[in-house]
2 protein chains.
Amino acid sequence: MDPAKPSLELLRSLTDEHVLRALMQHRRLTRAELATETGISKPTVGESVRRLTEAGLVVDTGERTPGGRGRGRVGSYYALADVGVALAVAIAPEGIVAECVDAHGDTVSRAEVKIGEPARPEEVAAALRTAVTTARRGTARLAVVSAADPVDRVTGRMVQLPDAPFLLGELDTVEVLAPHVDGPVTVDNDVNWAARAERDVHKGQWDDFAYVFLGAGMGCAIVSDGEIRRGHGGLTGEIAHLVTVGPRGKAIRLIEVFDELGLRLPGSTAIDVDRLLAAVTGPRAAATRDALGKAVSGVLAAVVALADPETIVIGGPWGGHPVVLDTIAEAFAGLPRHVLVRAAELTVEPSLAGARLDALNRLRSAVIAR
Amino acid sequence: MDPAKPSLELLRSLTDEHVLRALMQHRRLTRAELATETGISKPTVGESVRRLTEAGLVVDTGERTPGGRGRGRVGSYYALADVGVALAVAIAPEGIVAECVDAHGDTVSRAEVKIGEPARPEEVAAALRTAVTTARRGTARLAVVSAADPVDRVTGRMVQLPDAPFLLGELDTVEVLAPHVDGPVTVDNDVNWAARAERDVHKGQWDDFAYVFLGAGMGCAIVSDGEIRRGHGGLTGEIAHLVTVGPRGKAIRLIEVFDELGLRLPGSTAIDVDRLLAAVTGPRAAATRDALGKAVSGVLAAVVALADPETIVIGGPWGGHPVVLDTIAEAFAGLPRHVLVRAAELTVEPSLAGARLDALNRLRSAVIAR
DNA sequence: CAATTCTAGTCAGGAGTCTTGCCCAGAAAG
DNA sequence: CTTTCTGGGCAAGACTCCTGACTAGAATTG
């Protein structure tokens with residue numbers, strides 16, 4: 001039965017929720033301001049504030065309305081009590097960033113820990129612990145993690161796909177973080193988080209788009225009806241095995257294109273980004289550019305066919321490079337169905353930004369649910 | 001502001017909604033049965049029934065509880081009043097089927113109209129009018145339409161994609177039906193409806209799967225997080241231009257495979273299903289089977305990469321054929337990432353079944369919203 | 001400096017909704 | 001005929017929200 005049972009308690013909790021959300025957004029408000037902000041009557045708001053104060057969720061800040069504002073009676077400012085923080089963590093092969101956000105959306109602390117390449121799982125786990133313990137302020141009520149590898153939707157663990165780049169290795173993020181977090185740990189891959197951040201930049205306008213990330217690993221995030229689609233195992237957008245156009249017009253998997261072009265790191269599953277960038281800008285670059293353009297636009301054709309995005313956003317160390325972007329856009333424009341291709345808006349820590357915002361929303365919901 | 005404002009009116013409408021939903025599901029109930037069914041107290045239910053009767057949404061059927069049931073006082077049975085019907089329509093090149101469903105989920109009428117091939121738009125429109133006027137009983141409060149062509153998500157009109165099969169032609173379903181329906185007309189393509197029906201067969205178990213339809217036209221529906229994903233323009237799953245493996249290992253678009261195999265209807269954009277089935281079962285079938293298996297499994301690889309389904313369902317006149325299905329499953333099993341491939345469960349009018357169920361849900365919501 | 005004006009917060013009254021508990025009517029069972 | 005049992009209704013109580021009036025206190029105004 002979908003709709004909630006009607007009861008007076010429902011009403012009361014709805015009132016409290018409105019008040020709490022208003023305080024999260026506006027930091028500090030008087031009872032009167034709360035009433036106009038929420039549209040609820042003054043006496044009801046007063047009662048709610050009394051309840052929430054008693055429950056320890058709201059405190060009288062002691063501040064009074066400044067004289068300058070009006071001439072009437074001074075009001076008391078109320079604010080959210082200390083309700084704990086949420087952790088937002090980004091795990092990449094280069095290093096780890098951990099941040100704490102409070103219910104107002106402020107980042108209260110931050111820690112960075114570098115990792116030596118190639119990353120070994122034990123090293124990553126140790127760095128993760130260090131970053132989180134350094135960053136933590138007060139009780140962390142939940143954690144949201146971005147990881148630069150495919151993530152199993154159910155267990156939150158990294159998944160190695162055959163022959164596909166695997167940057168971090170076997171790492172059970174949930175297990176590592178559990179001792180440091182007093183609540184659920186959510187893990188998803190970095191491209192999905194970056195796409196969520198991109199969506200929030202274009203709030204309400206972009207409901208359906210795709211975000212293609214081209215770096216040492218390749219991935220694609222699909223936003224449909226305003227939400228990231230993860231699929232059954234969380235492996236939506238793992239495009240390494242997508243069939244596309246190879247260097248001589250042959251149908252091969254995307255990851256194989258980089259073998260044929262000799263652009264993978266020897267002894268590793270990852271793509272050699274530096275060499276790739278040198279190859280598309282240096283002498284005799286035309287052939288490489290042509291091959292990459294055809295291969296990637298074959299992927300974009302698949303994205304258009306199976307997700308029908310409004311636009312396609314391309315990001316990542318080499319995908320975001322102007323030369324590569326132009327090459328891809330040009331090759332893609334020749335296909336029968338094409339959409340606007342553009343560079344990602346967010347370039348600095350896009351996946352952390354996405355994880356941070358989700359951490360905030362989850363923290364707020366957790367506070368409201370007592 | 002997401003959560004509804006707390007008010008007493010909210011409570012009342014919630015109570016009415018519970019009562020109405022119980023009556024939709026159970027056809028006829030006494031006040032006491034309504035109370036136990038909804039979990040709401042007897043006086044409250046009584047009051048709600050009084051309100052709803054006054055509003056004309058509920059009627060006293062005049063029936064009394066039969067003596068056999070217990071020994072207590074006789075109760076009065078209440079039931080939903082006549083609140084109109086919903087139209088469910090399936091438009092295919094062969095013909096049109098229109099049905100009326102009432103709020104209990106009963107199909108109260110049905111009409112079929114054949115169309116001569118090839119279908120001309122005016123002929124289809126005329127057949128549509130005939131089917132709907134024949135089937136309609138009472139006021140149709142809304143219509144849900146399945147159409148065997150790509151459908152624009154915003155306008156509900158058919159969309160012709162370059163070089164892709166286009167079976168029904170330019171047809172503005174919404175405009176044709178508007179005079180016959182007293183409410184909104186919803187249009188989507190037949191594969192999406194079939195997939196919805198398949199989802200409802202596996203209620204709650206299948207949240208993420210793909211439905212690949214292979215017939216005169218080809219399409220694919222993606223169910224993610226329990227919902228059909230349509231994309232920005234409603235063209236999700238139009239796989240004709242997906243890059244896949246051609247007959248000699250060349251990377252070509254799916255639709256071109258049928259050109260190379262000589263399996264398209266001359267002078268038309270559609271696939272010649274009869275000739276295709278003959279080619280895969282007759283003598284020298286091995287080469288054709290091999291080509292089809294590779295081409296389709298390339299499409300499935302794309303579906304897996306971009307949607308990560310739990311299973312892939314294959315249906316349609318030639319896709320559902322055992323020989324074809326086996327061929328595809330075999331070719332697909334050789335790829336690095338593969339999931340279970342199975343035939344569609346529903347084979348008789350699957351898209352109409354999906355449209356019918358959606359029509360029912362929409363009708364119920366419309367009734368509850370007064 | 002006193003009167004006026006204005007505002008945050010509270011109080012009182014009233015309307016509305018839900019629930020529990022009790023009672024009644026009436027049919028079947030004993 | 002009495003007992004048992006069930007659907008339905010009534011009354012009382014608890015609770016929530018709202019409107020409107022009131023109070024306290026500060027700034028402005030004359």
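Just so it is clear: chains get the letters A, B, ... in the order the sequence lines come, proteins before strands, and each one is counted from 1. Below, all heavy atoms of this structure are taken into account, side chains as well, without hydrogens, waters or symmetry copies.
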Just how far, in rounded Å, is [atom2] of [N] from [atom1] of [X]?
X	N	atom1	atom2	result
B/Glu63	D/dG7	CD	C1'	16 Å
A/Arg64	C/dA8	CZ	P	14 Å
B/Tyr77	D/dG8	OH	P	10 Å
A/Asp16	D/dC15	CG	P	15 Å
A/His18	D/dT16	NE2	C1'	15 Å
A/Arg50	D/dC17	CZ	C1'	15 Å

Exercise for the section: Could you work out which one of C/dA27, D/dG7, C/dG9 sits closest to the side chain of A/Arg31? Expected result: C/dG9
Exercise for the section: Could you tell me whether a side-chain N or O of A/Asp152 sits under 3.5 Å from a main-chain N or O of A/Thr155, the two making a donor and an acceptor? Expected result: yes
Exercise for the section: Verify whether one side chain among B/Glu63 and B/Thr61 offers a donor that lies under 3.5 Å from an acceptor in the other. Expected result: yes
Exercise for the section: State plainly whether the residues A/Arg141 and A/Asp102 are in salt-bridge range, i.e. N to O under 4.0 Å. Expected result: no
Problem - Protein-to-nucleotide contact annotation, 5' to 3' order, nucleotides 13-22 of chain C [B base; S sugar-phosphate only; - none; under 4.0 Å, heavy atom] - result: ---BSSBB--
Completion exercise
Result for 5'-nearest mapping on DNA chain D, choosing between A/Arg73 and A/Ser13, is A/Ser13
